[in-house]
Amino acid sequence: MGIEIKTKGELFIISAPSGSGKSTLIKMLLEEVNNLEYSISYTTREPRAGEVNGKDYFFVSEKEFEEMIKDNEFIEYARVFDKFYYGTAKNQVYSRLEKGIDVIMDIDVQGAYQIMQKGNVDFTSIFIIPPSIEELKRRLVERGRDSVEEIEKRLITARDEIKYLRHFDFVVVNDILEDALKSLKSIVVSERHRVLRIENIYEIYKHFTEE
Ligand code: ADP
Ligand code: 5GP
């Protein structure tokens, strides 16, 4: 029988200014890459049309969210756009990583920075950026989901968020969607080949050294 390399699951943190195409890319990535699962966040915002509780988000009240904070259930949480709480629960991440399943999380830049600063979880961080601020505005307008004021706020936030780029491991410019997807996929795949992540290295040595 041949060797099988066993690795721990890896946590992929994806951040991007709103409208960059992060949700679009993550959805496509999940369809194309096996052994990769999405961490469903908790939020206090209302569901949008078509969003499903327990699939897109866990929609909870402000009180429930604050209970979870008190009970130390989050890896990170933030108030995004100064409005609603968003957070990643430990129960969405750790058990999967232990089983060798890679986890991808879509979180805002503040949340990603929190995880980087804490330094108690292993992760690979990827920053997705649009090709220009004009194109970002065009995508936000075309998506037709946010009000003019909301779009202005997102553009101001984007100018702030870009300053955190240097803290990330990888950057992907989402200009041509298919190209960005290819880059994202190659990052995920190469992380899976890191020797440092192999859990059964002695089994592999043994396989090649024992007669
Ligand atoms: P985010 O999750 O980062 O807020 P979305 O995935 O909702 O962004 O994408 C914002 C809008 O831009 C959507 O209407 C989406 O269809 C569009 N979009 C995403 N990627 C591209 C791309 N590479 N080229 C053109 N439009 C794109
Ligand atoms: P939306 O309301 O458009 O779904 O998401 C708004 C922002 O919240 C996005 O930038 C998204 O990345 C971020 N977000 C979603 N889930 C989480 C989370 O669990 N933690 C943090 N910090 N941000 C999140």
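First listed ligand is number 1; within each ligand, the first listed atom is number 1.
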Engineer: Does the side chain of Tyr85 come within less than 4.5 Å of Val80's, by heavy atoms?
Structural biologist: no
Engineer: Relative to the heavy atoms of Gly87, which atoms of ligand 2 are at a distance of less than 4.0 Å?
Structural biologist: 18 (C), 19 (O), 20 (N)
Engineer: So, are Arg154 and Glu150 salt-bridged, with charged N and O less than 4.0 Å apart?
Structural biologist: yes
Engineer: Is there a heavy atom in Glu46 that sits closer than 4.0 Å to ligand 2?
Structural biologist: no
Engineer: Just need the protein heavy atom nearest to atom 9 (C) of ligand 2, so name the residue and atom and give the distance.
Structural biologist: Lys22 NZ, 3.6 Å
Engineer: What protein heavy atom sits nearest atom 6 (C) of ligand 2, and how far off is it?
Structural biologist: Tyr86 OH, 3.6 Å
Engineer: Of the protein's non-hydrogen atoms, which lies at the shortest distance from atom 12 (O) of ligand 2, and what is that distance?
Structural biologist: Asp106 OD1, 2.5 Å
Engineer: Heavy atoms under 4.0 Å from ligand 1: which residues qualify?
Structural biologist: Pro17, Ser18, Gly19, Ser20, Gly21, Lys22, Ser23, Thr24, Arg139, Arg143, Asn174, Asp175, Leu177
Engineer: Please report which non-hydrogen protein atom sits nearest to atom 20 (N) of ligand 2, along with the residue it belongs to and the distance in Å to one decimal place.
Structural biologist: Glu76 OE2, 2.8 Å
Engineer: Who's the nearest protein heavy-atom neighbour of atom 13 (C) of ligand 2, and how far?
Structural biologist: Asp108 N, 3.7 Å
Engineer: Determine, for Lys185 against Glu32, whether the closest basic-nitrogen to carboxylate-oxygen distance falls under 4.0 angstrom.
Structural biologist: yes
Engineer: What distance do Phe12 atom CZ and Phe170 atom CZ have between them, rounded to the nearest 0.5 Å?
Structural biologist: 8.5 Å
Engineer: Would you mind telling me which of Phe58, Tyr86, Phe65 makes a ring pair (Phe, Tyr, Trp, His ring centres under 6.0 Å) with Phe74?
Structural biologist: Phe65
Engineer: Considering only non-hydrogen protein atoms, determine which one is nearest to atom 5 (O) of ligand 2 and report residue, atom name and distance to 0.1 Å.
Structural biologist: Tyr57 OH, 3.3 Å
Engineer: Do Arg197 and Glu10 meet the salt-bridge criterion of a basic N to acidic O distance under 4.0 Å?
Structural biologist: yes
Engineer: Just do the side-chain hydrogen bond (donor to acceptor under 3.5 Å, both in side chains) check on Ser132 and Glu135 with the steps written out, would you?
Structural biologist: CA-CA 5 Å; Ser132 68; Glu135 173 63 9; 5.7 Å; no
Engineer: Is the closest N or O pair between Arg154 and ligand 2 shorter than 3.5 Å?
Structural biologist: no
Engineer: Using the side chain to side chain donor-acceptor pair (under 3.5 Å) definition, which of the options Arg138, Arg139, Arg145 pairs with Glu142?
Structural biologist: Arg138
Engineer: For atom 7 (C) of ligand 2, find the nearest protein heavy atom and state the residue, atom name and distance (0.1 Å precision).
Structural biologist: Val80 CG1, 3.7 Å
